[in-house]
There are 2 protein chains.
Amino acid sequence: MQTQLSCIIFVCMRNTVAKQAILEILYKSETALSQTEVQQILPQGFCNRVTIYRVLDRLVKENLIHEITNIDGVVKYANCKKCNKNHSHQHLHFSCENCNTVTCIKSVEPQFDLPKEYEIKKINFMVSGICPSCSR
Amino acid sequence: MQTQLSCIIFVCMRNTVAKQAILEILYKSETALSQTEVQQILPQGFCNRVTIYRVLDRLVKENLIHEITNIDGVVKYANCKKCNKNHSHQHLHFSCENCNTVTCIKSVEPQFDLPKEYEIKKINFMVSGICPSCSR
DNA sequence: TTATTTTTGCAACAAAGTTGCATTAATATT
DNA sequence: AATATTAATGCAACTTTGTTGCAAAAATAA
Ligand SMILES: [Mn+2]
Ligand SMILES: [Mn+2]
Ligand SMILES: [Zn+2]
Ligand SMILES: [Zn+2]
């Protein structure tokens, strides 16, 4: 199977059991998950932990998921359900200090004017605090 | 010496050689620095690497420096020269993929409207790409 | 069915950060 | 200035997280 990536690169990635299982976990999850969290959700011994790292990398390359770096430095992954085609993730992410979840706030895209001498490639907007369900 | 922090906590932190040296490095630096980078700037064997971690933590608590989590997950530290009193760092940070520097863009504060059910405690706005000096 | 190429498991490694504890250094007290 | 108090440091050991090389296994192409 060939998947077209950002109108430039063609990759040929295989549809493996591990890939399907990990992608399903991310699509069912309301929140973004780290490698560790994916591992904890998968059945014990389902696959090697290295495989999870590699599958997540592949899914990002295939534009099926996107990467979010949390304020604590941990990388989390979220599905790309309603992402625009150019895969730019300008939307805000909220990290709850209480329940430790990271959520895509797709409705909020911060506005900013960076001098055009800066060439923007990636955006990572994180806000942490207490989420609605933890604060009530 | 007692320093008042965010109008609430009083701490008693000592003015040590390591603290002075590390703070001076951060105040002289145009860019934010990681623990590793601070270590590389300090003279060989100046102090233990654990001490650098602990001094950086202390300087953050004293509101003398602020923490920035880079897109690659590495935590960088920058001085607080022109920071407002409540120590909120709404300004943008730019990470150059080429020269690997992280710079505070204090003039740019992204605007966003997060529903008030979210209680905001920390903000970490990162944009990565190519910085002006690398692109010319 | 066979050939080709990607993916996986495993072990070993590396980097980054943390912890406990004895020693040292800074500051407060006398 | 001497002493007492407590914070800071060095060191070693440990943990956590992520990476790499390579042989075996699995997926896809032929
Ligand atoms: Mn997102
Ligand atoms: Mn800054
Ligand atoms: Zn929460
Ligand atoms: Zn640069």
Side-chain angles (χ1 to χ4, degrees), chain A residues 1-5 9-25 32-62 64-65 67-77 95 100 102, chain B residues 1-5 9-26 32-65 67-77 95 100 102:
Chain A
M1 186 197 68
Q2 273 191 331
T3 308
Q4 193 173 1
L5 290 186
I9 316 157
F10 279 87
V11 284
C12 177
M13 287 175 184
R14 292 180 181 180
N15 204 19
T16 66
V17 179
K19 177 179 158 180
Q20 285 167 30
I22 292 169
L23 192 56
E24 194 185 342
I25 286 171
L33 302 173
S34 64
Q35 181 276 343
T36 309
E37 288 166 329
V38 169
Q39 188 170 351
Q40 285 160 352
I41 293 170
L42 284 168
Q44 176 87 24
F46 179 85
C47 68
N48 192 272
R49 68 193 187 90
V50 181
T51 301
I52 302 173
Y53 283 111
R54 297 200 264 221
V55 167
L56 290 169
D57 284 348
R58 255 187 296 149
L59 291 173
V60 169
K61 287 203 188 95
E62 290 183 279
L64 293 172
I65 62 176
E67 248 178 356
I68 307 145
T69 305
N70 199 352
I71 289 191
D72 64 8
V74 174
V75 176
K76 300 239 184 181
Y77 298 89
S95 171
N100 203 34
V102 168
Chain B
M1 185 197 70
Q2 275 192 332
T3 308
Q4 193 173 1
L5 291 186
I9 316 156
F10 279 86
V11 284
C12 177
M13 288 173 183
R14 292 178 182 182
N15 204 20
T16 66
V17 179
K19 176 179 158 182
Q20 284 167 30
I22 292 168
L23 192 56
E24 193 184 343
I25 286 170
L26 289 174
L33 302 173
S34 64
Q35 181 276 342
T36 309
E37 288 165 328
V38 168
Q39 188 170 352
Q40 284 160 353
I41 293 170
L42 283 169
Q44 177 87 25
F46 179 84
C47 68
N48 193 271
R49 67 192 187 92
V50 181
T51 301
I52 303 173
Y53 284 110
R54 299 199 263 221
V55 167
L56 291 169
D57 284 349
R58 253 186 299 146
L59 292 173
V60 169
K61 288 202 187 98
E62 290 184 277
N63 276 17
L64 294 172
I65 61 176
E67 248 178 355
I68 307 145
T69 306
N70 199 352
I71 290 191
D72 64 8
V74 174
V75 176
K76 299 237 184 182
Y77 298 88
S95 172
N100 202 35
V102 169

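Side-chain atoms are counted along with the backbone in the values below, which use heavy atoms only and exclude waters and symmetry mates. Proteins come first, then strands; the chains are lettered A, B, ... in the order of their sequence lines, and each starts at number 1. Everything quoted here is computed from the prediction, not taken from an experiment.
In this structure, CD of A:Gln20 is placed 15 Å from P of D:dA26, rounded to the nearest angstrom. For A:Asn15 and D:dA29, the CG to C1' distance is 16 Å, given to the nearest whole Å. Atom C1' of nucleotide C:dT27 and atom NZ of B:Lys19 are separated by 13 Å, given to the nearest angstrom. Atom CG of B:Asp57 is separated from atom C1' of D:dT9 by 14 Å (rounded to the nearest Å). In this structure, B:Asn70 places its CG atom 19 Å from P of C:dA15, rounding to the nearest Å. Between A:Asp72 atom CG and D:dG18 atom C1' there is a gap of 15 Å when expressed in whole angstrom units. For the pair B:Lys76 NZ and C:dA16 C1', the computed distance is 14 Å after rounding to whole Å.
In terms of the side chain to side chain contact (heavy atoms under 4.5 Å, CB included) criterion, residue partners of B:Arg49 (sequence neighbours excluded) are, by chain and number, B:Gln35, B:Gln39, B:Tyr53. Partners of A:Gln20 by side chain to side chain donor-acceptor pair (under 3.5 Å), not counting sequence neighbours: none found. Residues passing the side chain to side chain contact (heavy atoms under 4.5 Å, CB included) test with B:Asn100, sequence neighbours excluded: none. With sequence neighbours excluded, the residues forming a side chain to side chain contact (heavy atoms under 4.5 Å, CB included) with A:Asp57 are A:Tyr77, listed by chain and number. Applying the side chain to side chain contact (heavy atoms under 4.5 Å, CB included) rule to B:Gln40 yields the partners B:Thr36, B:Glu37; only residues at least two apart in sequence or on another chain are considered. Applying the side chain to side chain donor-acceptor pair (under 3.5 Å) criterion to B:Thr51, with sequence neighbours excluded, gives no partner residue.
Along DNA chain C, the nucleotide nearest to B:Val17 and the one nearest to B:Val74 differ in position, and the one closer to the 5' end is contacted by B:Val74.
Here the closest heavy-atom approach between residue A:Lys61 and residue A:Met13 is recorded as CB-CE, 4.0 Å. The shortest non-hydrogen separation linking A:Ile52 to A:Cys47 is CG1-SG, 3.8 Å. Across all non-hydrogen atoms, the minimal contact from A:Asn70 to B:Thr69 is O-CG2, 3.5 Å. Contact between B:Ala21 and B:Phe46 at its shortest, heavy atoms only, is CB-CZ, 3.6 Å.
Across its full length, the helix from C:dT1-D:dA30 to C:dT30-D:dA1 shows an angle of 40° between the axes of its 5 terminal pairs at either end, rounded to 10 degrees.
A:Thr16 has no side-chain polar atom (N or O) that falls below the 4.0 Å cut-off from OP1 or OP2 of C:dT6.
With contacts defined as side-chain heavy-atom distances shorter than 4.5 Å, the pair A:Val38/A:Leu42 qualifies.
The stretch residues 44-56 of chain A comes close to DNA chain D through A:Arg49, A:Val50, A:Tyr53, A:Arg54, each having a heavy atom under 4.0 Å from the strand.
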Report, one pair per line, the protein and nucleotides 3-5 of chain C atoms (nitrogen or oxygen only) whose separation is under 3.5 Å.
residue, atom, partner, partner atom, Å
C:dT5, O2, A:Arg14, NH1, 2.6
C:dT5, O2, A:Arg14, NH2, 2.6

